[in-house]
Number of protein chains: 2
Amino acid sequence: MCQGCFNAPVQNSDAMALTAALLAAAGGLTQRIHEGVVARGFEGVRPAHGFAFTRLAPDGATVTDLAAHLGTTKQAASQLVEELVRKGYVERRPHPADARARLVVLTEAGWACTRAAEEAAAEAVGAWAGVLGEDGVRALRDGLLRVAPGGPIRPAW
Amino acid sequence: MCQGCFNAPVQNSDAMALTAALLAAAGGLTQRIHEGVVARGFEGVRPAHGFAFTRLAPDGATVTDLAAHLGTTKQAASQLVEELVRKGYVERRPHPADARARLVVLTEAGWACTRAAEEAAAEAVGAWAGVLGEDGVRALRDGLLRVAPGGPIRPAW
DNA sequence: TCCTTATGGTCAAGCTGCTTGACCAATGTG
DNA sequence: CACATTGGTCAAGCAGCTTGACCATAAGGA
């Protein structure tokens, strides 16, 4: 075993504990948000759709933009958009400045779903505030932001 | 929009920021551990295998145990074990107390890979200590542990 | 201008990891 | 000793993604 790592200030077992806690928290939070969205009446949506919504929300985006945001191929992004169109959450509009491109924008249902996800997230995080307190949650968020500034938007494993 | 949520102490946008930071941190850390494991010469391993290793490490486990740990069907767990057997990381031994069951245990290569993952995790978390300090990392870990005690081991989305 | 290259998007085929369903061997329970 | 239960595998199918090919528009240079 690498002596440097073995003798590092942060012990291996601690690192694994942090990793496990991080994965558990992320997985649990994602799950709760998803359940909250479903409970609010939005069916046929997966967490992956939420990652797409965060990119589409402000002013829409092209399929290529979305693919870059999600870290997938543009074919995969196109299929995801097609699915969201079928389900009524987004629609394709002609791009105002490029006849090749198509601007994908949220429909009213898409906006409603996005708001539902925000509510569900606030609810789940609110439960955390009951354990850590408002300050604790803020500290957690700030620590994570400082530590993962450029992390992947769509964790895939 | 739900007024209760809108007026909640933790604002929706804050909740989404925390969620994004959490996902980015988890995704980034997983990615770095994976890269560290690959850099140490272990090929053909995916993060999902690491989740399996953490269950098999102490004394081995049955396929059914593993399936429960990973949150999948036992068929999926069986296929994963088959793959790990092919790659030399685990082996199936007869179960000492039940002739139906088979005990899946790590081989020497499996142990080496587990140690490599621990080293890579310690390395990645060590980099975080450079930003947050030792105390900051500890606080982060403790906060996460308090907030996600029973979260899923294998985040899937 | 025309030709060439780059870019946005889709269609089609294939692969991988998982699921459901069926089944067998061994266990335990009355 | 029947009979339901449990551990495990085989087989088929599905969902989400990838690679490869292709078309339409755009951008840039001679």
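Order of the sequence lines sets the chain letters (A, B, ...), proteins ahead of strands, with each chain counted from 1.
- For W157(A) and dC18(C), the CH2 to P distance is 14 Å, given to the nearest whole Å.
- Between the CZ atom of F51(A) and the C1' atom of dC17(D) there is a distance of 16 Å, rounded to whole Å.
- In plain terms, the two heavy atoms of R55(A) and A61(A) that are nearest each other are NH1-CB, 3.7 Å.
- Residue-level contact check: A76(B) touches the bases, meaning some heavy atom is under 4.0 Å from a base atom.
- The two residues R146(B) and V131(A) come nearest to each other via the heavy atoms NH2-O, 2.9 Å.
- Ionic pairing of R40(B) and E123(B) is present here: one or more N-O contacts between side-chain nitrogen and carboxylate oxygen are shorter than 4.0 angstrom.
- For the pair T107(A) and G88(A), the tightest heavy-atom approach, listed with the atom from each and the gap, is OG1-O, 2.6 Å.
- As a whole-Å value, the separation of R46(B) CZ from dC17(D) C1' is 14 Å.
- The two residues A48(A) and R154(A) come nearest to each other via the heavy atoms CB-NH2, 3.9 Å.
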- line: Readout for nucleotides 3-12 of chain D: B = base within 4.0 Å of protein heavy atom, S = sugar-phosphate only, - = neither; 5' to 3' it is ---BBBBB--
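- As judged by a 4.0 angstrom heavy-atom cut-off over every strand, T73(A) is placed among the base-contacting residues.
- If you measure from atom CG of L70(A) to atom P of dC17(D), you get 9 Å, rounded to the nearest angstrom.
- The separation between E83(B) atom CD and dC15(C) atom P is 16 Å, rounded to whole Å.
- One finds no side-chain N or O of R154(A) lying less than 4.0 angstrom from the OP1 or OP2 phosphate oxygen of dG16(D).
- With sequence neighbours left out, S78(B) forms a side-chain hydrogen bond (donor to acceptor under 3.5 Å, both in side chains) with no residue at all.
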